[in-house]
Structures are given as structure tokens and as C-alpha cells.
Amino acid sequence: MTDQVLPQVTDLPSTVAALKERFPNAVKDDTRSGYQGVIVDPAHLTEFARVIRDEFGFNYLSSVTAVDYLGHGDHLEVVYHAYRVPSGGKPLVFKAQTDRNDAVVPSLVSIYPGADFQEREAYDLYGIHFVGHPNLKRILLWEGFEGYPMRKDYHEAYYEQETKPFDSRWPGGHVFRAEEYNPFGHNVRYPAGFTLDDYKPVAEEQLQQGMALGVDIMGDPAFRTDRLIVNLGPHHPSTHGVFRMMVALTGETIESLEPVMGYLHRNHEKIGERNTWYGNMPFTDRLDYICSMANNLAYAITVEQMMGNQVSVPYRAEVIRVLMAELTRITNHLWAIGFLLNDLGAFFTPALYAIQTREYILDFFEATAGSRMMCNYMRIGGVAKDLMARIRSEAALINDKVRDMDTMEYLDKLINDRLPRSIDELDELLSESEIIKSRCIGVGLLPAEMAIAYSASGPLLRASGVPYDIRRADPYSIYPELEFDICTRPNGDIYDRYYLRLDEMRQSVRILKQILPRLKDTQGQPIFGGKTSYSIKVPAGEAYGHAENPKGELGFYCVSTGGGNPWRYHVRAPSFINLTPLGEMCKGQKVADVVAILGSIDIVLGETDR
């Protein structure tokens, strides 16, 4: 563990002024109402990025995304958020604009390797060509997909209207299913010249071209081995969902590895731009479905930034939000440790120990929000409802035991007894196991410099010795008044990532013990300070809100034109971006190690693919 890291006082206006002086004709302020940052001439973008990294210390490119301003300038815009790590502070926001009909922007992968998957996503969904990208190809869609679905002039197969509520639903309620008027088969479009008659997949060849198969692996020269290309997944339990790793092997040793994703892609962000601002909240539950409470919070923070003084989150609501977020962190880490042991071969016994403890937290979530996993509990301006006085179950069968407990007594026992005891039990049973140590120590190494360069976040970053936690680096809610340490581990291997999650659960318990008296002191106080209408209009502008989710930095970049629906809704998903260094982490390791390395990153495919 390290001491608490406080944000470095960063004078962004002075930084921007220096950059404008350095690039007098290439960098200008973004003067649009509600916007921030600078707009950079694409011809100078690469040099600009190198300068802010090397001379101004913005060494961490957190988010890269695109926006289509059709009808509002008719251009495409790539938006970047760069931070100083580990010192923290507010981001330097910079943008590059390009013509919609010839969308070309220089790639920043050579400067910020963490831009790799994010640039590929912008290419896939917007058609922006990133010149100089080492492996530019679709990442969430297949080569037979026609068009770029996040562009504003793209209409999906069952398109009905641009935004909700649809006329067929409200106010008259004359509901019909779009599929009835556009039957399956007639709604499929392919790229020009593409037919299924003589279709031969090119994805495999493209993947192999991007795998850098020239890596030499040293072995016994007297023992002849062949190079093989092996697919792990997508239909394999060790990949934690429909996720695939294309692996080049020499014997049992990995030369290179290419993650292949998108099997669960449903264009979450396009759905988000059809939805109302309120309507997106339950959709965030479906990202990392292990951590729905924390997902809700990150989205609420973002929209509240945009609303400004139109909403005011009551103190009790902030207390409850932190309660839910830290309980979520514990449920996630219990799950991650349990299934890491599955990946190591200890099939399900350790996982059941972890799941048993997690169930007590889910009982509380269900009693409060009405759901164990898809909680839909946070609101823009507070939370949906206060904690109930008692946790009570109902008998479904004749012999069912009915539980009826005082809520605060339940939380007191959970936080002060059951959770600490369960964490200590996992530590005692697992941490000194010679099998776990032999399989985890020195395996899947991710050095600190590489973790920062590849935009890793959360436990993956901190287990590489980088003390960066958004709760301290760019504080939100009531975290500044709470005492807790930022946990780090020095080695960046599987064992450190496992142990760091134990450390973080103990710090979450420490936070929760400070939350209990605040819950008692604020009983009866308001829990909502937003607008009570069925829908809201958000002032024109942009905002990037982020939170320290259990898996890493969950960010939302939203743009409003002043209406009741987001113009742009982007999810900076830690499960997606944390996979960027996976190939580097696996080089030189054995096949059996890949499964454990992936498990130590801790991904959920609902968030990866979106």
C-alpha cells in the first residue's frame, strides 16, 4: 500500500496557453458553448501529443472516441482525454476534426499505445482512418458489415425513429414491432460487391497479419517444434464469455496473441443516443453486470456535471452512493478471486466460498433496489429510494423461513464482522498455497511504464506499482472526506493482482465503517435533488465523467445539443481497454498461463463488447 495520493495542482489554463504559443497556428481554444479543451490541426496532432506527454507530463491517454456532428458543422471529431499519472488532476482535452467524406486523422498509437483498440473502435463505428495505425481493422464488427453504425445518417436494421420516446409508444400507446414491417432477411445489407455466394473469411488472414509472427522464442535447439496458430475461445469457459484469443505458438510457448472480440456487440452507444437521458440508466446495468451500482454512479456523475446547478445531490444520497459503490467493489473482487482460482484449476470450491459472501451483499441490494444484479438504483440528482427500515422476505413455500431484520443491524454485522472475516478466510486459505504461488508469481508481467502507456486502469494498473485511483486523483462524491489508502503492489504479475484485490476489499471495509455513522446521522434527510419530470433536457455542451470502478476507470463522454436525448453517448469501458496489453503480457508464457493472465485482468464481456 501507499500513502494517499492527493491531486497535483495543475494549472490547465497555463498549460493550454503554453501549447498555443508552441503551436500558434495549429492549436486553438474550443469556444463552443459548454465545451472545453483545444482543437488541434490534424497535421500537427502527432507532434502535439508527443509534446504534452514528454514536456507537460500528460503520460496517460485515458479516452479516445469520436463524434459525428452531422447538421452541426458536418464534420467528424476525435476527442482525447489525457491525464498525468500518478499525480492526477483534471484532464487535458484535445480534439481533431476531419471531413465526413474523407475521414483521416493521424494515429497516436506510437506515442500512446493505449490508443490502439480505441482508434480501431472509432474506425469500426465511424469510418475514421487513423494513418500510421499498426493494425487498423474492425474490432467489434465483422468484415461483411456494411457502413459505420455510429454515424448519424446510419439507420439500423429495425430503425423506427431517431430518438425516444417513439411515436408508436407515446403518448397514444399504439405499439407495433418494427420487425413486423421489416422482416428478417430483407433488412440485411452488405458492402458493395460483397456476396455470401463465394464468401471466404478474411478475418483469419487479417488477424495473423497483425500478430507480428517474427518473434523468436529461445528453446532447446535439439528439440524441433512447429509454429502453430491456436484459437482459445470463443466457446470456451476459460475466456469468461464469448471472447477469443488467437495465439501463435512455438511448442507450448506463446510468440504472439491477438484478442478477438465483438461477439456480444449490440451497439450499446447507438441505443444510448436513441434513449432519453433518464432512459440510459438501466442500460448501464448491462455493461459490467457484476457492478451495476457502480455503473449507475459513473453515468449519474457525468450528466450531473452537464446539468450544473440545476441539480444538487443531497448529502445522504452521496453517503448511500458510496455505500453501494464500495459494497459493489467487494462483490466484484470476491467474484474475480473466485474465478481466478477456477482458471488456475481449483474448480469452483474457492469460487463458492467467495460467492457465499457475495450473496449477503446481493441480499441487501435486492431489498433496497428490488434487484440483485440489474439494480437501476442511482438517479441524476440522487438515488431512487432510501434504505428501508427493515429487510424482510416473504414466504414462497409453506416451510420457507421468513427473514425480518433491522437494516442498520444487518449492515453493522455485515461490515464489522462477516466481510472482514470472509476476506481474512480467503487470504488464509489461498495466499500461501504453493500451487497458487508457482502459477502466479512472475507470470503475466506488466511493468509500471507499460501499464501507463497502455492506458491500463484499476487493479491492473495499481498492481504494477502505480498509485493512481480516481477517488483520490480526481475526487467525486464524498470520497475526499473519507480515510483510505491507495493499494499498490510492486511486481505487476498475477499474484500481485490477486493480492491487490484482497487489499482493496479491506480498504473498502475501512470506508464502509466510516459510512455507517453517516447513515445513522442522516436518517430522514432527502435522497434526491434532481428534476422529477419523466424526462429532462440537458444544457448544450459536453462532459466526461469517470469513476474508480472495481475493474478500473469507467468513463462516460456525453454531448448534448440541449435536447432530451444525448447527441453523443460513449462508454470508456475498463474491460475493453485493459485488454490492450494482453498480447504483451502473454509473450514468452505457456499456453496454460494465458487463461490465468486473462483471469487476473478481470473482464466482463458485456462491458468489453457493449
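Only heavy atoms go into these numbers, but all of them, side chains included; no hydrogens, no water, no symmetry mates.
Atom NZ of K385 is separated from atom CZ of R379 by 8.5 Å, given to the nearest 0.5 angstrom. Atom-to-atom distance recorded for I511:CD1 and L516:CG is 12.5 Å, nearest 0.5 angstrom. Atom CE of M374 sits about 6.5 Å away from atom CG of D285, to the nearest 0.5 Å. With rounding to the nearest 0.5 Å, the separation of OG1 in T15 from NZ in K90 is 15.0 Å.
Residues meeting the ring-ring contact (aromatic ring centres under 6.0 Å, His included) test with Y498, sequence neighbours left out: Y495. Remark: Y557 pairs with H81 by the ring-ring contact (aromatic ring centres under 6.0 Å, His included) rule, at least two apart or across chains.
Residues M306 and C558 are in side-chain contact: their nearest non-hydrogen atoms beyond the backbone lie under 4.5 Å apart. Put simply, the side chain of I470 reaches to within 4.5 Å of the side chain of Y476, judged on heavy atoms. Residues M585 and Y454 are not in side-chain contact: their nearest non-hydrogen atoms beyond the backbone lie 4.5 Å or more apart. Looking at heavy atoms from C-beta onward, D593 lies in side-chain contact with V443 at the 4.5 angstrom threshold. The closest side-chain heavy-atom distance from F48 to V38 is below 4.5 Å. S508 places none of its side-chain heavy atoms less than 4.5 Å from the side chain of L419. Between Y83 and Y468 there is a side-chain heavy-atom pair separated by less than 4.5 Å. Inter-residue side-chain proximity for L411 and I515 is flagged as unmet; no heavy-atom pair is nearer than 4.5 Å.
Electrostatic pairing of E548 and R462 counts as a salt bridge here, judged by a charged N lying under 4.0 Å from a carboxylate O. Using a cut-off of 4.0 Å between Lys/Arg side-chain N and Asp/Glu carboxylate O, E542 and K95 are scored as salt-bridged. Using a 4.0 Å cut-off between a side-chain N of Lys or Arg and a carboxylate O of Asp or Glu, R518 and E481 qualify as a salt bridge. Using a 4.0 Å cut-off between charged side-chain N and carboxylate O, R501 and E504 make no salt bridge. Between E483 and R471 there is no salt bridge, since no side-chain N of the basic residue sits under 4.0 Å from a carboxylate O of the acidic one. Using a 4.0 Å cut-off between charged nitrogen and carboxylate oxygen, R610 and E121 count as a salt-bridge pair. Between R497 and D602, none of the side-chain N atoms (NZ, or NE/NH1/NH2) sits under 4.0 Å from a carboxylate O, so this pair counts as no salt bridge. Salt bridge status for K437 with E432: present, with a side-chain N to carboxylate O gap under 4.0 Å. The existence of a salt bridge linking D427 and R506 is confirmed by a sub-4.0 Å separation between a basic side-chain nitrogen and an acidic carboxylate oxygen.
Closest approach of I111 to R53, counting heavy atoms only: O-NH1, 2.9 Å. Taking every heavy atom of both residues into account, G262 and D609 meet most closely at N-OD1, 2.9 Å. In terms of heavy atoms, E269 sits closest to V571 at OE2-N, 3.1 Å. Shown here for L297 and A325, the closest heavy-atom pair between the two residues is CD2-CB, 4.2 Å. Residues C375 and S371 come closest through the heavy atom pair SG-O, 3.6 Å. A pairwise comparison of heavy atoms in I290 and K551 identifies CB-NZ, 4.2 Å as the closest pair.
Using modelled atom types, no side-chain atom of H546 and backbone atom of A298 make a donor-acceptor pair closer than 3.5 Å. A donor-acceptor pair under 3.5 Å is absent between the side-chain atoms of T357 and the main chain of S422, judged by distance alone. The closest donor-acceptor contact from the side chain of S600 to the backbone of I597 lies under 3.5 Å. Of the possible polar contacts, none joining the N280 side chain to the N275 backbone as a donor-acceptor pair under 3.5 Å is found. Of the possible polar contacts, one joining the S107 side chain to the V109 backbone as a donor-acceptor pair under 3.5 Å is found. Between the side chain of D493 and the main chain of I441, no donor-acceptor pair closer than 3.5 Å is present. A donor-acceptor pair under 3.5 Å is absent between the side-chain atoms of D343 and the main chain of A596, judged by distance alone. E304 places a side-chain N or O within 3.5 Å of a backbone atom of G381 that can act as its donor or acceptor partner. Side chain of S431 to backbone of E428: no donor-acceptor contact under 3.5 angstrom is found. No donor-acceptor pair under 3.5 Å is formed between the side chain of N332 and the backbone N or O of C291.
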| request: Using the salt bridge (Lys or Arg N to Asp or Glu O under 4.0 Å) rule, take E55 and R50 through it: C-alpha gap first, then chi angles, then the decisive distance, then the call. | output: CA-CA 8 Å; E55 299 182 23; R50 186 172 288 108; over 6 Å; no
| Could you go step by step and tell me if T65 and H570 meet the side chain to side chain donor-acceptor pair (under 3.5 Å) rule? | CA-CA 7 Å; T65 190; H570 169 67; 3.3 Å; yes
| message | With side chain to side chain donor-acceptor pair (under 3.5 Å) as the criterion, how do Q36 and Y544 come out once you've worked through the C-alpha distance, each side chain's angles and the decisive distance to 0.1 Å? | response | CA-CA 10 Å; Q36 59 180 313; Y544 179 71; over 6 Å; no
| request: Could you please spell out the steps behind the side chain to side chain donor-acceptor pair (under 3.5 Å) verdict for T284 and N296? | output: CA-CA 6 Å; T284 67; N296 289 178; 2.8 Å; yes
| request: Test side chain to side chain contact (heavy atoms under 4.5 Å, CB included) on K520 and M408 and set out the steps. | output: CA-CA 8 Å; K520 296 174 182 175; M408 293 307 298; 3.7 Å; yes
| task | With side chain to side chain contact (heavy atoms under 4.5 Å, CB included) as the test, would you mind laying out the steps for Y377 and M281 before giving the verdict? | result | CA-CA 8 Å; Y377 181 65; M281 189 62 76; over 6 Å; no
| Worked verdict on S62 versus E553 for side chain to side chain donor-acceptor pair (under 3.5 Å) | CA-CA 8 Å; S62 172; E553 178 185 346; 2.7 Å; yes
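In this pair, Y569 and F556 present their aromatic rings tilted. The plane angle is within the 30 to 60° band. Using bins of under 30°, 30° to 60° and over 60° for the plane-to-plane angle, the ring pair F283/H268 lands in the perpendicular bin.
There is a side-chain donor-acceptor pair under 3.5 Å between N295 and N549.
A cation-pi arrangement is present between R472 and F484, with the terminal nitrogen or guanidinium carbon under 6.0 Å from the aromatic centre and inside a 45° cone about the axis. Seen from the ring of F365, R372 does not count as a face-on cation partner, given the 6.0 Å and 45° thresholds. Both tests hold for R418 against Y360: distance to the six-membered ring centre under 6.0 Å, angle to the ring axis within 45°.
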